[in-house]
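Counting from 1, the numbers follow the sequence of the chain as shown. These numbers were taken from a predicted model, which means no experiment stands behind them.
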Amino acid sequence: MAPSTRVPGVPLQPGMTVRDHTITNYGRKKVFGYEQGTMTMREKPKITLDPGAFEKPSITMSLSKDGRAFGKSDVYSGQPRSREPYVPDYVHLDGKVLRYDSFFKEAVHESRIENYRVRRCLIYFYLLDGSIHISEPKVENSGMPQGETKGSVFLKRQVVPKPDGSGNYGPMDLLVGAEVDIYGRVFRVTDADRHTRDFMAEQGVELATPEAPPIDPYNAKRQAEKEQVLRTQRYFRPRPFEDDLTRYGAAKFGAAATSLEPDRLREFLQNDRKVLRFFLVWDDRATLYGELRPFILHYYLQDDTAEVLEVRRANSGRDPFPAFVKKGKLAKDVATIIVTDAPTTHTTQLIDRSGRVDPSTMHYFSHKDFKVGEEIVIYNRPFFIYGCDEFTRTWYKENMNLDFVDIPMEFEPREPRKQMEVPPPLPLGMGDEIDSLGSFLYLIPQAPRKDLRKMMENDRKLLRFMARLETAQPEDRDRVFVIKVFLADDSIAVFEPPQKNSGMVGGKFLERGFIKNPETGERFEAKEFYTGARVLLNGFPFVIYQADEFTLSWMEAHPEEYPMSDVEYVTGQLREAISAEGSKLEALKASFATADMGGDAAGYVGYQAFHDALSSAGIELHEQPLITLMRHFHINSSDTEAVDATALVRAIEG
């Protein structure tokens, strides 16, 4: 029955529809399809009496309150129709994210210094599914998990519902200047990036001008104190560690020893995470088995400590110690270590009247002692500084006006150690030989790897050859064997068909397994078997004289492994042999003309005549190339076995 079509302006009541008798295909149409390389959902056209209704209206994108995009047809908007291809929402909205700058105030109850703090955040709105993700930029020394690392995201990506239950938050709720309540925290939107502003402008929404976020009172107080100290620092009276006379007077009045030292906290804050890196080399070649050993020295400016690390090299024969000299004060001589570690109760001339070690007797390395091109002594070991990193070079240039240039250093290559060659043990006769070698080659035995792809592609495929023994024993000359080569794993099996009155019991001659080629010492592969080949299997010499149809077809289909089954390769070899002596071609043509079968088979010669013609022309071919030529140039007749000699001559002449 033809489908019904509604008439515009007529109520949809029984009897008020029109049958469309032009439709003959009542099959169910496909819903999904590809348009411009993208899988889309096909829209069913509206079937009305108006021919213009069959034109597909263009779709414009709008945003609902909950932020999800929906289509709006231009049929009802009064705009002219267009034939632009329909693109689904999950394609043109993929990867589009709106980003807003915001902040919220967090109350601080257990501090007398601050009552609240201002925390700045970034709000990301994903147009694809209307989800929201909030992150807080990392603030140095804040003590709070911030940033985009795992476990530090302020709010994971999710659809955020409104607190009144009226729906989910959308772009119309995240306007500049709006306050958004997200799970009990009120965020104030202050700005949006350029992409967000352009996108909202396309939707007809102009975002307000950016708002300046409020200043955190605690941070403002700290900044004011720092500026005040910098402004009035030069008017302060000199501190004890800056002036000798002030230090002497403070010590006379009994000032604490710690107050007479420099301000270590200030030095720590100024040089925090600033590390100088030098490249050292210790030349120990003067001693027995000595060598050039590279090292790296790290000098920490925050507390004037240093560490020396050894550069690890593969197969150096040295234990991987964590550090050559652990981090700490780097003494210039051993006496400094002994004096520093001495108890303060031990009275020597190295202890001053305050009970502390005399500073003049303690000698430690500082940043002034390290220069590229000079030698330093660390624990009685001479180290030569031949380079530094870029930060160290820049720091010395800005603070000490020194230019460092790296010195090229060539480390002697280690001589390859002669490995003692131990022959593998003889097979025990149990299991696979390669499997047994796993316990000899590796400390932890490993299973041999198998070519699974080859096993799957060549499963149940095998090559069959007829062979005979190459022996002088008269009782073995007439024995016939079938050699099977399994293509899945190159295993070999030999079977002897039973023959009447031969005196030999037929059956399995050699069980399936892997056999080594005594000439190469490796396992036999399938490509080593072909007609005319001589193989030695477990001490028995075999001569292959025939192959079945599948084997010959397989060899011809894989000429890269079996070149003697490639007719182009064989004719090319014939062409080279004949071109060396031009008389051979004429002799070959004469032999073919003599052996021509004539009549309807003119130009063809029999198999035996073909072989005799090549021999009479002085061309000796191996059995496999000869079979390849006969199979390629044979006559297409079931009752005649002949070779197209004319086609062969044309192929040779090229």
Side-chain angles (χ1 to χ4, degrees), residues 149-151 268 271-338 340-341 363-367 369-396 404-422 424 437-449:
T149 58
K150 184 177 181 181
F268 176 84
N271 298 321
D272 185 24
R273 292 182 292 182
K274 293 183 179 180
V275 183
L276 305 180
R277 187 182 187 188
F278 296 92
F279 303 106
L280 316 179
V281 61
W282 176 21
D283 190 358
D284 193 32
R285 291 176 292 183
T287 60
L288 184 63
Y289 305 116
E291 59 179 345
L292 281 175
R293 297 177 58 183
F295 291 84
I296 295 177
L297 184 143
H298 291 153
Y299 186 83
Y300 298 86
L301 295 172
Q302 60 185 7
D303 53 0
D304 296 330
T305 57
E307 64 177 357
V308 181
L309 306 178
E310 183 177 2
V311 178
R312 300 178 182 177
R313 292 182 293 175
N315 301 324
S316 64
R318 302 184 183 276
D319 294 333
F321 288 100
F324 188 77
V325 178
K326 67 178 182 179
K327 182 180 178 181
K329 288 282 188 178
L330 191 59
K332 292 184 178 181
D333 49 23
V334 181
T336 300
I337 303 176
I338 299 175
T340 306
D341 294 340
H363 306 283
Y364 294 101
F365 281 103
S366 66
H367 61 274
D369 300 318
F370 304 113
K371 296 180 181 179
V372 176
E374 295 185 358
E375 186 178 87
I376 59 176
V377 179
I378 301 176
Y379 296 149
N380 296 331
R381 292 175 176 83
F383 288 89
F384 179 74
I385 305 176
Y386 68 90
C388 62
D389 61 357
E390 191 62 30
F391 170 77
T392 304
R393 188 178 293 105
T394 304
W395 189 88
Y396 273 91
F404 289 160
V405 179
D406 293 347
I407 301 175
M409 184 66 60
E410 296 182 1
F411 295 94
E412 296 179 354
R414 296 182 57 85
E415 297 181 359
R417 177 191 288 182
K418 295 182 179 180
Q419 300 290 340
M420 183 175 59
E421 297 182 359
V422 180
L437 285 176
S439 59
F440 170 76
L441 299 175
Y442 307 101
L443 183 62
I444 300 177
Q446 299 179 4
R449 295 184 179 180

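- One distance of note links CZ of Arg318 with CZ of Arg312; it measures 13.5 Å at 0.5 Å rounding.
- Classification of the His367-Trp395 ring pair by plane angle, with boundaries at 30° and 60°, yields perpendicular.
- You'll find the side chain of Phe279 stays beyond 4.5 Å of the side chain of Met409, heavy atoms only.
- The two residues Val372 and Asp406 make their nearest non-hydrogen contact at CG1-CA, 4.5 Å.
- Put simply, the residue from Asp304, Thr305, Thr392, Asp369 that forms a side chain to side chain donor-acceptor pair (under 3.5 Å) with Tyr299 is Asp304.
- Across all non-hydrogen atoms, the minimal contact from Ile407 to Gly373 is CD1-CA, 3.7 Å.
- Shown here for Glu307 and Lys326, the closest heavy-atom pair between the two residues is CB-C, 4.1 Å.
- Remark: Cys388 SG to Ile296 CD1 distance equals 12.5 Å, nearest 0.5 Å.
- Of the listed residues (Tyr386, Phe383, Phe324), just one forms a side-chain contact (heavy atoms from CB on, under 4.5 Å) with Leu280, and that residue is Phe383.
- Side-chain contact between Ile385 and Lys371 is absent, with no heavy atoms from C-beta onward closer than 4.5 Å.
- The shortest non-hydrogen separation linking Ala331 to Phe365 is O-CE1, 3.6 Å.
- Ring pair Phe404/Tyr396 is tilted by interplanar angle, where 30° to 60° counts as tilted.
- The distance from atom CZ of Phe391 to atom CZ of Arg277, rounded to the nearest 0.5 Å, is 12.5 Å.
- With rounding to the nearest 0.5 Å, the separation of CD in Glu375 from CG in Asp283 is 9.0 Å.
- In this structure, NZ in Lys274 is found 16.0 Å from OH in Tyr300, a value given to the nearest 0.5 Å.
- Within 6.0 Å of the NZ atom in Lys329, the count of heavy atoms belonging to other residues, nucleotides or ligands exceeds 12.
- Closest of all the heavy-atom pairs between Arg285 and Glu291 is CG-CA, 3.7 Å.
- Contact between Ile376 and Ile378 at its shortest, heavy atoms only, is CD1-CD1, 3.8 Å.
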